[in-house]
2 protein chains.
Amino acid sequence: MSVTIRDVAKAAQTSAATVSKVMNGSGSISQATIDRVEQAMRDLGYHPNARARNFARQSTKMVLFLTTLGKNAGFSNPHMFEMMSGMEEALAKKGYLLCVKSIAAEEACGFVEKIFDSKEADGVVLHASIISPAMDELVAVREIPHIVIGIPDFPSHFSWIDIDNRLGGELAARYLLQCGYCSLAFLGGRQEDRISGHRLEGVLSVLNEHDVLIPGGHLRRGASDCDSGYAMTEELLSQKERPDAIICANNYIAYGCVMALKEHGEVIPEDIGVIAFDEYPLSRILKPMLTVVDIDVFDMGYQTGKCILSKIRKPNLTVRYYSTLPSVLERESTRKKVI
Amino acid sequence: MSVTIRDVAKAAQTSAATVSKVMNGSGSISQATIDRVEQAMRDLGYHPNARARNFARQSTKMVLFLTTLGKNAGFSNPHMFEMMSGMEEALAKKGYLLCVKSIAAEEACGFVEKIFDSKEADGVVLHASIISPAMDELVAVREIPHIVIGIPDFPSHFSWIDIDNRLGGELAARYLLQCGYCSLAFLGGRQEDRISGHRLEGVLSVLNEHDVLIPGGHLRRGASDCDSGYAMTEELLSQKERPDAIICANNYIAYGCVMALKEHGEVIPEDIGVIAFDEYPLSRILKPMLTVVDIDVFDMGYQTGKCILSKIRKPNLTVRYYSTLPSVLERESTRKKVI
DNA sequence: CTGAAAGCGCTAACAT
DNA sequence: ATGTTAGCGCTTTCAG
């Protein structure tokens, strides 16, 4: 058996309670005793048993990240993992551990209930894809320390954190105008793609504010892939009124767009400017390198980690906000700013 | 306070010990008692307290994955997360939880020691980048259930699991020969890049076996990026003796290579074939889509998970092997097989 | 087949 | 400032 708090107490000629107080900095212990206890701990190579400690304290110093993983999750959604890295960093600073658990949306609610019934974790971070009204009710009634990544798409009591995609759209549009482009186009994902939709809203609000009109034909939506980006760009170029800058709702659309522009002999960024969203995975790989509106995903994870920690302290605290502002990374696909 | 085992015992008119046995399937309990106990558990909505259970059993049902994360880890190394997803799936099947913890290589050894002194985890998965001779000694002496991801580059007692990159190289070369290409070239990463080196070894062994000579000029090494791939390809094309197929050690080199070939008017795959390694992130995005040698990273993680579980059961079991064989994914950058 | 009893190692309320 | 005491909720002998 390994060395316990009682062994240390004996060696330091004191009681277990005192040793505990020394470890947890209770304050009211004389320096002499502290020294003796610490010496004894060192001599014996003592390490408090985490399991016993969790049990006695009724806490695990662990938060669970629940999302749906499975094959290809790592490749198709690196953002999630970048966030996890940020969360881990925030949690580690306070001595918390981060566990990941893959769960299907249907099972998520039951699982969260079980986790808190059995007290396996101190808090949960929920990916927006697995939340439900039932989960909302559960979390509210039981006051479960939680935070949802992604703004819920139904009315709820959840605490959540998200990226402000609308603001991102505003930044993109404003930036292009500042570069001297004056006829913008937007290539987005399908109607159901909320992210793309929010980005478009932001764009439109800026144009509206600047009294810039955008012809209907310059607003196109399609699949979120390269081929679709290519096709939408061709459509754009075939119109009588052509844009001098294109906002692409994501990297893949931008890739197709750039390819089409090049094939048509358009020079980027002189003839036509291109701006996209997100650094990853292509913005720095394409020629020309893309100017993008990006957010610091790691930082967002870090914010999430800090959030869940404060929810663990005060479970009834409600948090809802857009963390981590987007910003423009200037590169080669847009002209230099003139303003 | 929530409902405990004693509440269940009382409701089922039996003892806590019996309830425990029912939960853990001790066998020697009458069906009648089992029914009563299960009924009581359901009636009371009982869920065993995981912390108390961990404490009493002296196990946490948790394995810790240690690696260095930090900013950009998610984007620059999606493979790691794909593996994690696989590990989680294997662990979840046996009721284990996966925790992730970022740690610098220098601190890793001390941290692992602390984890096992304080019994925070039942086992650890170590990324090869954080192992050291000191860690080897620690793990061996203390019989710490562990598995290293990546073959150690120094003599050690570690259990490890890795990808067989040499075999991957063999597959690539063999495949090209089967397609009727007969003059191969290899574009690799820098000398220090062990993965690239192993892939090259595999290529050479096949060529040797087939008595195919490869001119020195067809073996090039450079940075593992697009520009380097581009430059190396131009060098290749400027030689008197030109290859009819190029093996690119990674996706980025392949991207530069394809770009250079296109600019020189070479038709892929007719004039020159291109094969690369790994699906991610570009192989299906480039035009033409790349034929690649790929491995199932999720599966590798799954194997790793199963491995660590068996090590937890038998810590002195040694495991060392190349899990998950690579295979060729045929796409557009190579001719159809003729054999 | 069942139950009483003795912890697992630490914390925290309460005395002193 | 320190020690005593009583758990935390479950598992596991060991007797019956």
Side-chain angles (χ1 to χ4, degrees), chain A residues 1-41 44-62 95 114-122, chain B residues 1-41 44-62 95 114-122:
Chain A
M1 215 63 276
S2 42
V3 22
T4 77
I5 198 172
R6 277 186 268 270
D7 298 325
V8 175
K10 197 174 300 173
Q13 303 180 85
T14 179
S15 72
T18 302
V19 175
S20 173
K21 283 169 192 155
V22 169
M23 288 193 290
N24 299 294
S26 116
S28 60
I29 302 286
S30 75
Q31 192 55 49
T33 316
I34 293 182
D35 292 343
R36 268 198 343 274
V37 168
E38 288 182 338
Q39 186 59 49
M41 296 201 292
L44 299 172
Y46 169 72
H47 292 268
N49 180 316
R51 297 194 271 249
R53 193 173 246 188
N54 287 340
F55 178 46
R57 283 196 184 131
Q58 292 293 49
S59 95
T60 41
K61 293 275 183 180
M62 187 205 96
K114 172 186 162 282
I115 285 295
F116 282 87
D117 280 336
S118 63
K119 317 214 160 101
E120 284 185 69
D122 295 346
Chain B
M1 214 64 277
S2 42
V3 22
T4 75
I5 198 171
R6 275 183 271 268
D7 299 324
V8 175
K10 197 174 299 172
Q13 304 181 83
T14 177
S15 72
T18 302
V19 175
S20 172
K21 282 169 192 152
V22 169
M23 289 193 287
N24 300 293
S26 115
S28 60
I29 303 285
S30 73
Q31 191 55 47
T33 313
I34 292 180
D35 292 343
R36 266 195 349 272
V37 168
E38 288 181 338
Q39 186 59 48
M41 297 202 290
L44 300 172
Y46 170 72
H47 293 268
N49 180 314
R51 298 194 270 251
R53 190 173 250 190
N54 288 339
F55 178 46
R57 286 195 181 132
Q58 293 292 49
S59 94
T60 42
K61 292 275 184 182
M62 186 204 96
K114 172 187 161 283
I115 285 295
F116 283 87
D117 280 338
S118 62
K119 318 214 161 103
E120 284 185 68
D122 296 346

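Every chain is numbered from 1 and lettered A, B, ... according to where its sequence line falls, protein lines coming before strand lines.
Residues passing the side-chain hydrogen bond (donor to acceptor under 3.5 Å, both in side chains) test with A/D7: none are found, sequence neighbours excluded.
Between A/N49 atom CG and D/dC8 atom C1' there is a gap of 14 Å when expressed in whole angstrom units. To the nearest angstrom, C1' of D/dC10 lies 13 Å from CG of B/D7. Between the CZ atom of B/F55 and the P atom of C/dA6 there is a distance of 17 Å, rounded to whole Å. Between B/I5 atom CD1 and C/dG3 atom C1' the separation is 12 Å, expressed in whole Å. Note: CZ (A/R6) to P (C/dG7) measures 10 Å, nearest angstrom. Taking atom CE of residue A/M41 and atom P of nucleotide C/dG9, one finds them 17 Å apart after rounding to whole Å. In this structure, the NZ atom of B/K119 is 10 Å from the C1' atom of C/dC8, given to the nearest Å. Rounded to whole Å, atom C1' of D/dC10 lies 16 Å from atom NZ of B/K10.
A close approach under 4.0 Å does not occur between any side-chain nitrogen or oxygen of B/Q58 and OP1 or OP2 of C/dG7. Contact annotation: B/T14 reaches the phosphate of C/dG3 (side-chain N/O to OP1 or OP2, under 4.0 Å). Close to C/dC1, at under 4.0 Å from its OP1 or OP2, lies no side-chain N or O of B/T33. In this model, the phosphate group of C/dT11 is approached by a side-chain N or O of A/R53 to a distance below 4.0 Å at OP1 or OP2.
With B/E38 as reference, B/V22 is the one residue of B/V19, B/V8, B/V22 to meet the side chain to side chain contact (heavy atoms under 4.5 Å, CB included) rule.
Counting any heavy atom pair closer than 4.0 Å across all strands shown, A/R51 reaches no nucleic acid atom.
A/Q39 CD: more than 12 foreign heavy atoms inside a 6.0 Å radius.
No salt bridge links B/D122 with B/R57; every basic N to acidic carboxylate O contact stays at or beyond 4.0 Å.
Minimum atom distance to the side chain of B/S15 is reached by C/dA4, of the listed C/dT11, C/dA4, D/dA1.
Looking at heavy atoms from C-beta onward, A/H47 lies out of side-chain contact with A/V3 at the 4.5 angstrom threshold.
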**Item:** Derivation of the salt bridge (Lys or Arg N to Asp or Glu O under 4.0 Å) call for A/K114 and A/E120
**Value:** CA-CA 9 Å; A/K114 172 186 162 282; A/E120 284 185 69; 2.9 Å; yes
**Request:** Take B/N54 and A/N54 through the test side chain to side chain contact (heavy atoms under 4.5 Å, CB included) and record every step on the way to the result.
**Result:** CA-CA 9 Å; B/N54 288 339; A/N54 287 340; over 6 Å; no
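Between B/R36 and B/A52, the one whose closest nucleotide on DNA chain C sits nearer the 5' end is B/R36.
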Report each atom pair, protein N/O against N/O of nucleotides 12-16 of chain C, whose distance is under 3.5 angstrom.
none

